[in-house]
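Below: the structure, in structure tokens.
Throughout, protein chains are lettered first and strands after them, A, B, ... in sequence-line order, and every chain is numbered starting at 1.
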There are 4 protein chains.
Amino acid sequence: MNKREVKSSVKDENLIEKRREQMIRGAVKLFKEKGFHRATTREIAKASGFSIGTLYEYIRTKEDVLYLVCDSIYNEVHDRLSALPTQEGTVEGLQVAINQYYHLIDDMSDEFLVMYQESKSLPKDALQYVLKKEMEMVALFESLLDACAKSGELRISTEQVGIAAHHIVVQGQMWAFRRWALHKSYTIEDYIRVQTDQLFRGLIGK
Amino acid sequence: MNKREVKSSVKDENLIEKRREQMIRGAVKLFKEKGFHRATTREIAKASGFSIGTLYEYIRTKEDVLYLVCDSIYNEVHDRLSALPTQEGTVEGLQVAINQYYHLIDDMSDEFLVMYQESKSLPKDALQYVLKKEMEMVALFESLLDACAKSGELRISTEQVGIAAHHIVVQGQMWAFRRWALHKSYTIEDYIRVQTDQLFRGLIGK
Amino acid sequence: MNKREVKSSVKDENLIEKRREQMIRGAVKLFKEKGFHRATTREIAKASGFSIGTLYEYIRTKEDVLYLVCDSIYNEVHDRLSALPTQEGTVEGLQVAINQYYHLIDDMSDEFLVMYQESKSLPKDALQYVLKKEMEMVALFESLLDACAKSGELRISTEQVGIAAHHIVVQGQMWAFRRWALHKSYTIEDYIRVQTDQLFRGLIGK
Amino acid sequence: MNKREVKSSVKDENLIEKRREQMIRGAVKLFKEKGFHRATTREIAKASGFSIGTLYEYIRTKEDVLYLVCDSIYNEVHDRLSALPTQEGTVEGLQVAINQYYHLIDDMSDEFLVMYQESKSLPKDALQYVLKKEMEMVALFESLLDACAKSGELRISTEQVGIAAHHIVVQGQMWAFRRWALHKSYTIEDYIRVQTDQLFRGLIGK
DNA sequence: AATGAATGAGTTTTCATTCAT
DNA sequence: GATGAATGAAAACTCATTCAT
């Protein structure tokens, strides 16, 4: 796979896995509070439960931590969405997917926030990789929308498919980004309902 | 007004104005390239056309620069939107407002990008101020939508008004955020048309 | 000139000159005691009489300090040797040159020691530059010897000229290197006398 | 003997011998490339063919490795020179010794280079020991020269004996130090011939 | 008002050494 | 005896901020 690798000087793969999980958990917590730049590597180590020396046994640079965080988020997203039943162009299937996606963001909104605010700090190649993942996300919804268009369940032009897919993805992110404004007035269920209503009202053939 | 002040040791108000304009222009360019944290005060001074010493005659801390940038963006947004003719609950008026807003974002997408990616680095009070400005933006569209609801031009529940206003604001930001994906396929005109179509199709009373 | 430049963020050339002199003096003293690698940049700064921040206003990396030290030594050597009256192939002239050179090394033996023990730590390009300077030194004596050979004052084959020149240069360095052994038994004057005697006894035509 | 000991936590003397040989071989190679300070203990272990943990079973500190390298070089030098037939004050015998010594340096010039460039990094007591070895080297040639003086084969004053002995030793080292300059023009045989010619021309009674 | 040299706390990163397995 | 993960002191270098000129 063309997965970007983060070099570690530790050999035991299981240990790497374990330590990196600790690291990601600690880092997300920290980045959420103070952002990537304001968090020091020493703080990351501490939040992860080990020493600064140990931290550097599992990464090469501070940016690697950010990459690992972003990568793990996308992996979780991918895992949870690919567990969906295959869709055959039904609006219902699309709705299930959107539902899953929005709930996922609600569950992981800290992680999402971190990723979206900090990913620009990734080195070039890592940024590329993250953008690719994001495009896959959009593509997933495009294909679902497309299937619905083909099956006739949605009246939607090709032009609209792209934007609608972005729309779905961005509205999801909005729930994470605008927590401070939205959580006061709506539950995630409200939000999903209103969003899908609005989306479909325009798209469903009368 | 409770406008947050940035202290300057220079007395001449005109000079302050002039130097800060230089500063904002330089800073936006720089932040766009490397982000707020990676840009040094020396670089900001250089990009602004004066020395580091002079820079500090017009601000107190580096964060002041970021605040000035964010503040100036909102001021421009405010100026351009408040120039609109007063609306009396017509869809057409709403459409004009959206149009203005989206074009504004298109014109200033660099600035918007910078503001959204970096505003979390503002000190507490400045962040508060910026969020307040953002809420005003949402409120503007809320009032426009509300007027339309009251006049009967839009079938829209009170619950929907809040989310629709956020929706409009976020879709505008999306044009700036997702330039890399959207500019390939759409012009700003396409984008506005598709967005407003989608928005209104669901909302306009039959 | 193809002199390798060390970048400074300070603009005032006179100040650069002055600060670098302080730096070289401090660094030589320190390197003599503990060597280049064991001397920390903080110690170098302190020994130079300024703060670590100021040190880095005048250099880019620690290796720059070493380069400046080596460069300044060669410049002094060059200055002192090029002040010699032009030689026209007399043994006497050669003797004056050797005399000068050996005294020079005696005066600067600390600096020489540092340079020879640490120059391998220079980055590639700087090492190149230093070796070039060293070759010039050898070449100087080669040309003096050559002139003596041509004028008939010395019976010396072309093959011998190169080695004899190296010999002179190395014997000079030996005085610095082996201080611990030689200074007990000889003064610099003794040393010069014995060395030149030995050199010439073989070379002077009967 | 007052041989400085390097403590090992391993009991088996044969194993110690074997592992240290591996270590010296690996270390010389590494030090040649990057110098003592730039070589890490991990790299030394790797170059020696075992783990960092094992390395520390056979030494106490990194400096021990350097000491072992220097010590082994001198032992080899000692072994090869003490194999010479006992001299009875003949110039021929002296010449054989010089020949042996120079060839030895030619064979081991990497090791010599490493030793001379890095020995200053030895801890005090180890440095002392190495210098003592070096003095023995000089003393060897002093006694050979002395014998020749006594037997009348060389016209050489007591004053000259010390310097001439140093001279021989240093000229040998010069062949290692100045490889980059000398190897282009001379073979080791040329070099020995020219050096001894020059040495003896002055010293041999006509 | 403008300049830019000076400062030093704070940052990332390295690496010799230890010690449980 | 061998391994390699863990440690943290110490290193090089940065940069926001100050202040004398």
**Asked** Donor-acceptor pair, B/Arg38 side chain versus A/Ser121 backbone, under 3.5 Å?
**Response** yes

**Donor-acceptor contact present, side-chain D/Glu118 to main-chain D/Phe36, <3.5 Å** = yes

Distance below 4.0 Å between [X] side-chain N/O and [N] OP1 or OP2:
| X | N | answer |
| --- | --- | --- |
| B/Thr41 | F/dA16 | yes |
| C/Arg60 | F/dA12 | no |
| B/Thr54 | E/dA1 | no |
| C/Tyr58 | E/dA6 | yes |
| D/Tyr56 | E/dT17 | yes |

**Message:** If only side-chain N and O atoms count, and only distance matters, is there a donor-acceptor pair under 3.5 Å linking C/Asp71 with C/Tyr129?
**Reply:** yes

**Message:** Assess, by modelled atom type and distance only, whether the side chains of B/Ser48 and B/Gln22 contain a donor and an acceptor separated by less than 3.5 Å.
**Reply:**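 No, because no side-chain N or O of B/Ser48 sits under 3.5 Å from a partner of the opposite role on B/Gln22.
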
**Prompt:** With a 4.0 Å cut-off on heavy atoms, is B/Ala45 in touch with a base, just the backbone sugar-phosphate, or nothing at all?
**Reply:** nothing

**Request:** Would you mind classifying the nucleic acid contact of B/Ser9 as base, sugar-phosphate or nothing, using non-hydrogen atoms under 4.0 angstrom?
**Result:** nothing

**Prompt:** From F/dT7, F/dT3, E/dT13, pick the nucleotide closest to the side chain of A/Thr61?
**Reply:**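 When the side chain of A/Thr61 is considered, E/dT13 is the closest of F/dT7, F/dT3, E/dT13.
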
Whole angstroms only, please: what is the [atom1]-[atom2] distance between [X] and [N]?
| X | N | atom1 | atom2 | answer |
| --- | --- | --- | --- | --- |
| A/Arg19 | F/dT7 | CZ | P | 8 Å |
| C/Glu43 | F/dA11 | CD | C1' | 11 Å |
| C/Leu55 | E/dA6 | CG | P | 11 Å |
| C/Arg38 | F/dA11 | CZ | P | 11 Å |
| C/Glu17 | E/dA5 | CD | P | 15 Å |
| C/Lys18 | E/dA6 | NZ | P | 8 Å |
| C/Ile16 | E/dG4 | CD1 | P | 13 Å |
| A/Asp12 | F/dA5 | CG | P | 7 Å |

**Asked** Within a radius of less than 6.0 Å around NZ of D/Lys120, do more than 12 heavy atoms belonging to other residues, nucleotides or ligands occur?
**Response**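 Yes, NZ of D/Lys120 has more than 12 neighbouring heavy atoms, counting only those of other groups under 6.0 Å.
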
**Request:** Can you establish whether the number of heavy atoms outside C/Lys29 located under 6.0 Å from its atom NZ is more than 12?
**Result:** no

**Asked** A/Ile52 or B/Gly49: which one's nearest nucleotide on DNA chain E is closer to the 5' end?
**Response** B/Gly49

**Message:** If you assign A/Gly53 and B/Ser51 each to the DNA chain E nucleotide with the nearest heavy atom, which residue ends up on the more 5' nucleotide?
**Reply:**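 Here B/Ser51 is the residue nearer the 5' end.
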
**Item:** Whichever of A/Arg42 and B/His37 has its nearest DNA chain F nucleotide further upstream toward 5'
**Value:**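 Result of the comparison: A/Arg42.
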
**Prompt:** If each of B/Thr40 and C/Lys62 is mapped to the nucleotide of DNA chain F with the nearest heavy atom, which maps nearer the 5' terminus, i.e. the 5' end?
**Reply:**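 Its nucleotide being nearer the 5' end, the pick is C/Lys62.
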
**Message:** Between D/Glu43 and D/Lys34, does any side-chain N to carboxylate O distance fall below 4.0 Å?
**Reply:** yes

**Item:** Stem segments of DNA chain E by first residue number [Watson-Crick or G-U, under 3.5 Å, at least 3]
**Value:**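 Stem list for DNA chain E: E:2-21 with F:2-21.
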
**Audit row: A/Lys7, A/Glu57, salt bridge (charged side-chain N to carboxylate O under 4.0 Å, His left out) steps and yes/no** = CA-CA 9 Å; A/Lys7 290 282 192 310; A/Glu57 292 285 307; over 6 Å; no

